[in-house]
Amino acid sequence: MLAYAIRRSLMLVPVFLAVSVIIFLILHFIPGDPIDNLLKVGSSPTARAEIEARYGLDKPLPVQYLIWLGNVLTGDLGTAIVARRPVIDLIGQALPHSLALGGLALAFSSIVGITLGVIAALNRDRWPDRAIMGGVLVGSTMPSFWLGLMMMLAFSVWLGWFPVSGARGWSSLVLPVLTIGLGGTALVTRITRVSMIEVAQKDFVTLLHAKGLSPLRIQLRHVLRHALIPVVTILALRIGWILGGAVTVEVVFARPGLGTLLIKALAQHDYPVVQASLLMLAMAVMIGTLLGDLLQAAMDPRVRAALA
Amino acid sequence: MTAAARPAPAVLRAFRRPVGALAGAWLLLVIAAAIFAPLLSPYEYDIQTLKEAYQPPSAAHWLGTDEFGRDLLTRLMYGARTSLSVSAIAILISVLCGMTLGAAAGYFGGRFDRLVTVVVDLTWSFPEILIALILVAIIGPGTTGVLVAISVAYLAQFTRLTRAQIMTLKGETFIEAARSLGAGSGHILFRHLLPNALAPVLVSAMLATGDAIILEATLGFFGLGAQPPTPSWGSMMSAGSALLFKSPGIILFPGLAVAITVIAINLFGDALIAALDIRSRMRPPQ
């Protein structure tokens, strides 16, 4: 298992390099020059060259990439062009907010999604199943920013239960977590349900029934354990999506996080900040995939045996 | 090719199920409203009558008016033109490119297949909204940017699905039979493999169109989609979000239009899957 974990982690290195090249290159195709924002109207070309040299923008692209990569690996994410502060500070401020939001949303979708999926599977094709799957479909088809705004209208403005926006205290987290979590719940519910139904048709379940165990006990103690394997994998893969969803929801609720940072930096053509926030999101996606694979190996003896 | 895999009659069979019929009827209604918007509405989508601004729903304005006194229902119908056509065209481009890439990778295998798989896996793990945001940032806001962004964001999905279908079908006896009769690669690929891979790809394209409508709305909400005065469901909500507390209808109705249309697409897609009997082939490839 340990050997597999090490091997699987090492596989992230080429992926990280590929992603870093893409993130680095893509931003150099973006039209709009941040230097224009810094220069006063009518500045001389020398002033421009000076600023380009200060940010290293005058060197050939591969050199710029290697310098950037070296800096990133040593924790130096550069200086934000517009905010004129170290990017690492901006990321450091934003990251805890995004992690809290993402973590809670992930917890919400797992708990609610697995519970609903189990209830739906146990009542397959009867009304609780139909009601849950219908509700889940409705929940997954609403644009998250719209859902967020509607909840803001209902719970903050009309009922006055939660603050409208911002990041003060725990109560300001409730609506954003619900908004992101409801979208994730749909997927978790669907996969739990399908997986439970599939496992329930396996031979060993028939055997358990033949042994005379109570059906509910079989479902919850034996079927669920097997059925959770794909669910956990999907949940880990979902980490990236949840952070992606957080981008929109953070903007809607005016929360200081990676998403708000990214959207603002995109509008200001602030390369270092865009690169750093994209890199953070990409790394979250990669760590999620890694966790998913490792958890799957840890839970499924067949996968473990195949890898040993 | 079995009768069950033929798409056209399957659409009719999907309409025979009550849920499919209801969902299909809504989709036809929205499409008709988009096409015939100028005939159906007495109002223009872009003429401002400020003294009629912020009206609640009434007999004259069924859904009320926006901050410039423009009829919301009219803008919703014109918005459907932008939102539906951008999403559908983007997914069409995505499907065509994805099928070509996936079929070539699955059929020929080798180094090309490995390259495609690596790139697809890489983009697959990225949330679509991020890919789309980056691309719109490069191309610039507007319909073209959104179109390209959506096509690229869903490319991985169709490449993966087509490749998986081709890989499974490649080993079937009827392909072996065709090959032993002397059929060339082109014949096998275009006459045997692709037609049989078509049904799951087309159904997932339909479901993806629903996701694309949401993505288009999200980009529009960030002000990156269709530029004023052209309405799209997303840009209408972008304008409405600032007026949420003053006049909730401006953002409520476009959101409802998105949600109901996407629900209808999903339900109709489900009915199609049942009618085509391809449930097992729709599983997302792991």
Side-chain angles (χ1 to χ4, degrees), chain A residues 14-15 18-19 22-23 26-32 134 137-150 152-154 156-158 164 183 191 194 230 233-234 237-238 240-248 251-252 259 262-263 265-267 269 274 277-278 281-282 285-286 288-289, chain B residues 19 118-119 121-141 210-211 213-224 233-234 237-238 240-242 244-245 248 251-267 270 279 283-284 286:
Chain A
V15 179
V19 169
I22 294 171
I23 288 176
I26 259 174
L27 288 157
H28 282 267
F29 294 125
I30 292 185
L137 174 65
V138 173
S140 67
T141 51
M142 285 183 279
S144 60
F145 65 88
W146 184 76
L147 183 64
L149 287 168
M150 289 302 125
M152 198 193 276
L153 190 66
S156 303
V157 180
W158 292 339
V164 170
I191 291 171
V194 168
T233 315
I234 292 290
L237 285 173
R238 196 75 199 168
W241 260 261
I242 283 193
L243 284 174
V247 172
T248 332
V251 174
V252 169
L262 174 65
I263 298 285
L266 269 174
H269 303 294
V274 176
S277 26
L278 280 178
L281 291 168
V285 174
M286 286 189 279
T289 336
Chain B
V19 177
V118 166
V119 174
D121 282 349
L122 212 70
T123 46
W124 178 260
S125 58
F126 261 84
E128 280 100 6
I129 179 73
L130 278 187
I131 300 178
L133 276 176
I134 296 170
L135 284 166
V136 175
I138 296 173
I139 303 161
D211 294 341
I213 292 175
I214 297 181
L215 188 56
E216 194 273 341
T218 309
L219 292 172
F221 174 73
F222 283 132
L224 302 169
W233 290 346
M237 287 189 269
S238 173
S241 69
L244 178 65
F245 308 133
I251 189 164
L252 176 72
F253 295 119
L256 280 179
V258 170
I260 297 174
T261 306
V262 178
I263 291 173
I265 288 178
N266 274 284
L267 291 176
D270 267 355
R279 168 109 22 222
R283 294 291 297 274
Q286 295 291 321

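Every heavy atom of this structure was used, including side-chain atoms; hydrogens, water molecules and symmetry mates were not. Because the structure is predicted, anything quoted here is derived from the model rather than measured. Convention: sequence-line order gives letters A, B, ...; per-chain numbering from 1.
Here the CE atom belonging to A:Met150 is positioned 7.5 Å from the CG atom belonging to B:Leu256, to the nearest 0.5 angstrom. In this structure, A:Phe145 CZ and B:Thr218 OG1 are separated by 5.0 Å, a value rounded to the nearest 0.5 Å.
Applying the side chain to side chain donor-acceptor pair (under 3.5 Å) criterion to B:Thr261, with sequence neighbours excluded, gives B:Trp26.
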For residues 131-139 of chain B, dump all side-chain donor-acceptor pairs below 3.5 Å to protein atoms at least two apart in sequence or in another chain.
none

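Comparing B:Asn266, B:Leu252, B:Val258 by how many heavy-atom pairs each has under 4.5 Å with chain A, the most go to B:Leu252. The candidate with the highest count of non-hydrogen atom pairs below 4.5 Å against chain A, out of B:Ile263, B:Ile214, B:Ile129, is B:Ile263. Note: A:Thr248 leads A:Thr248, A:Val247, A:Leu147 in heavy-atom pairs under 4.5 Å with chain B. Annotation: maximal heavy-atom pairing with chain B below 4.5 Å, among A:Gly259, A:Ala282, A:Gly288, occurs at A:Ala282.
Using a 4.5 Å cut-off between heavy atoms, A:Leu262 contacts chain B through its side chain alone, with no backbone atom that close.
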Does the side chain to side chain contact (heavy atoms under 4.5 Å, CB included) test come out yes or no for A:Thr141 and B:Ile265, once each step is laid out? CA-CA 10 Å; A:Thr141 51; B:Ile265 288 178; over 6 Å; no
